[in-house]
Amino acid sequence: MIRNILGSVVALAGAASAVLSPFRDWYAGRAGHEYRVRDLFEGITATESGVLVSILLPFLVAALLVIVGVVLRSRLVVAFAGVVVLGFTILWMVRQGQAAGSLVVGGDGAGLQVGVVNALAGGVLMVIGALLMRGRRSRREREPVERYAVPAADQVDTWPPTQEPGMSVQQSPWPEPEVEPYTGPDPRDARTRSYPQVPHPEDDPRDPVHPPHHPPPA
């Protein structure tokens, strides 16, 4: 859980950095959203681009993928979003180097500027966030693991397997038969014939349900 939260925060921070990067200067004072997506495949030109068809478009798609990946706790989706941002940024650097003859980093705004750094940092943070995330637990991991196997029916009744007698795992679902209550000594046994006998329920005057039964007079 902690790893998922930490990875999600890092990935979302990377997505925010990537989305904000086109609104900052990328090269020689030119903002990132002024570069068209088609320029990355056909060559950098001086033609300005609309915001929704600029390099901002793939970064927005990557940010949406990060959100989906965080909700689904999918490391692959988040990592793929980071690769998209890094791929488009590196492709822009290649095209810009071809158009300018070389890439330079100048403190006076004549070369690569902070927007490129934000884009690269955003892609790296997405990948790091994907690595930090634990991802979704499989169904097998969520199910409790049985530490001891149930012994076979023909084995000695020991449970848990500590060689100590325990409750049988093969119990009958039917109730156990009740033991007949003690009714006094057996009058047929000569040894106990002289013992006092328990009165029959019908002859017990204390029984309100079965009053004493007296034979009719002759």
Side-chain angles (χ1 to χ4, degrees), residues 1-138 141-142:
M1 179 63 71
I2 300 299
R3 290 185 56 182
N4 282 330
I5 295 176
L6 180 59
S8 300
V9 171
V10 173
L12 291 174
S17 178
V19 171
L20 292 177
S21 64
F23 297 96
R24 312 191 71 175
D25 293 340
W26 277 48
Y27 195 82
R30 188 177 181 181
H33 65 80
E34 297 179 1
Y35 293 94
R36 299 180 301 176
V37 175
R38 61 183 298 181
D39 291 346
L40 303 181
F41 302 95
E42 300 177 358
I44 301 296
T45 63
T47 304
E48 294 187 359
S49 173
V51 176
L52 296 181
V53 294
S54 68
I55 198 173
L56 174 64
L57 180 61
F59 290 175
L60 286 176
V61 174
L64 292 177
L65 289 177
V66 169
I67 296 175
V68 172
V70 168
V71 172
L72 299 179
R73 290 183 293 179
S74 175
R75 302 174 61 187
L76 292 179
V77 175
V78 176
F80 177 74
V83 171
V84 169
V85 173
L86 291 175
F88 274 91
T89 304
I90 294 174
L91 180 60
W92 173 88
M93 295 174 65
V94 172
R95 292 301 187 183
Q96 182 62 45
Q98 292 175 347
S102 62
L103 286 178
V104 295
V105 180
D108 55 354
L112 294 175
Q113 293 184 275
V114 67
V116 182
V117 177
N118 290 147
L120 292 175
V124 172
L125 287 177
M126 292 180 193
V127 175
I128 294 176
L131 296 176
L132 290 176
M133 292 175 63
R134 184 181 180 86
R136 301 185 64 178
R137 298 175 59 187
S138 62
E141 293 178 352
R142 292 194 299 267

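Please read these numbers as outputs of a predicted model, since none were measured by experiment.
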Approximate separation, where rounding is to 0.5 Å, of H33 NE2 and L52 CG
11.5 Å
Residues at least two apart in sequence or cross-chain that pass side-chain contact (heavy atoms from CB on, under 4.5 Å) with V53, listed by chain then number, are S49
Roughly how far apart are F41 CZ and D39 CG, rounded to 0.5 Å?
10.5 Å
Those residues that, when tested against A100, pass side-chain contact (heavy atoms from CB on, under 4.5 Å) (two or more places apart):
Y27, Q96
Sequence neighbours excluded, the answer for side-chain contact (heavy atoms from CB on, under 4.5 Å) partners of V116 is W26, T89, W92, M93, L112, L120
For the residue pair T45 and R36, establish whether any side-chain heavy-atom pair is separated by less than 4.5 Å.
yes
Would you confirm whether S8, through its side chain, and N4, through its main-chain N or O, come within 3.5 Å as a donor-acceptor pair?
yes
In short, N118 meets S21 closest at the heavy-atom pair CB-CB, 3.6 Å
Taking all heavy atoms of V83 and all of V127, pick out the closest pair and write down the distance.
N-CG2, 4.5 Å
What are the two closest non-hydrogen atoms of A99 and I44, and how far apart are they?
CB-CB, 3.9 Å
Q98, CD atom: more than 12 neighbouring heavy atoms under 6.0 Å:
yes
So with a 6.0 Å cut-off around CZ of R38, is the heavy-atom count from everything else above 12?
no
CE of M133 to CG of L76, rounded to nearest 0.5 Å, is 10.0 Å
Atom pair CG/OH of L40 and Y35 - distance to nearest 0.5 Å:
10.0 Å
Correct closest heavy-atom pair for A81 and V66 would be CB-CG2, 3.6 Å
Salt bridge (Lys or Arg N to Asp or Glu O under 4.0 Å) pairs, two or more places apart, involving residues 20-30:
R30-E34
Rounded to the nearest 0.5 Å, the CG atom of L132 sits from the CD1 atom of I5 at a distance of 12.5 Å
Please table the atom pairs, donor to acceptor, closer than 3.5 Å between any side-chain atom in residues 54-64 and protein atoms at least two apart or in another chain.
residue	atom	partner	partner atom	Å
S54	OG	V51	O	2.6
S54	OG	L56	N	3.2

Looking at residues at least two apart in the chain, or sitting in another chain, which of them share a salt bridge (charged side-chain N to carboxylate O under 4.0 Å, His left out) with R75?
none
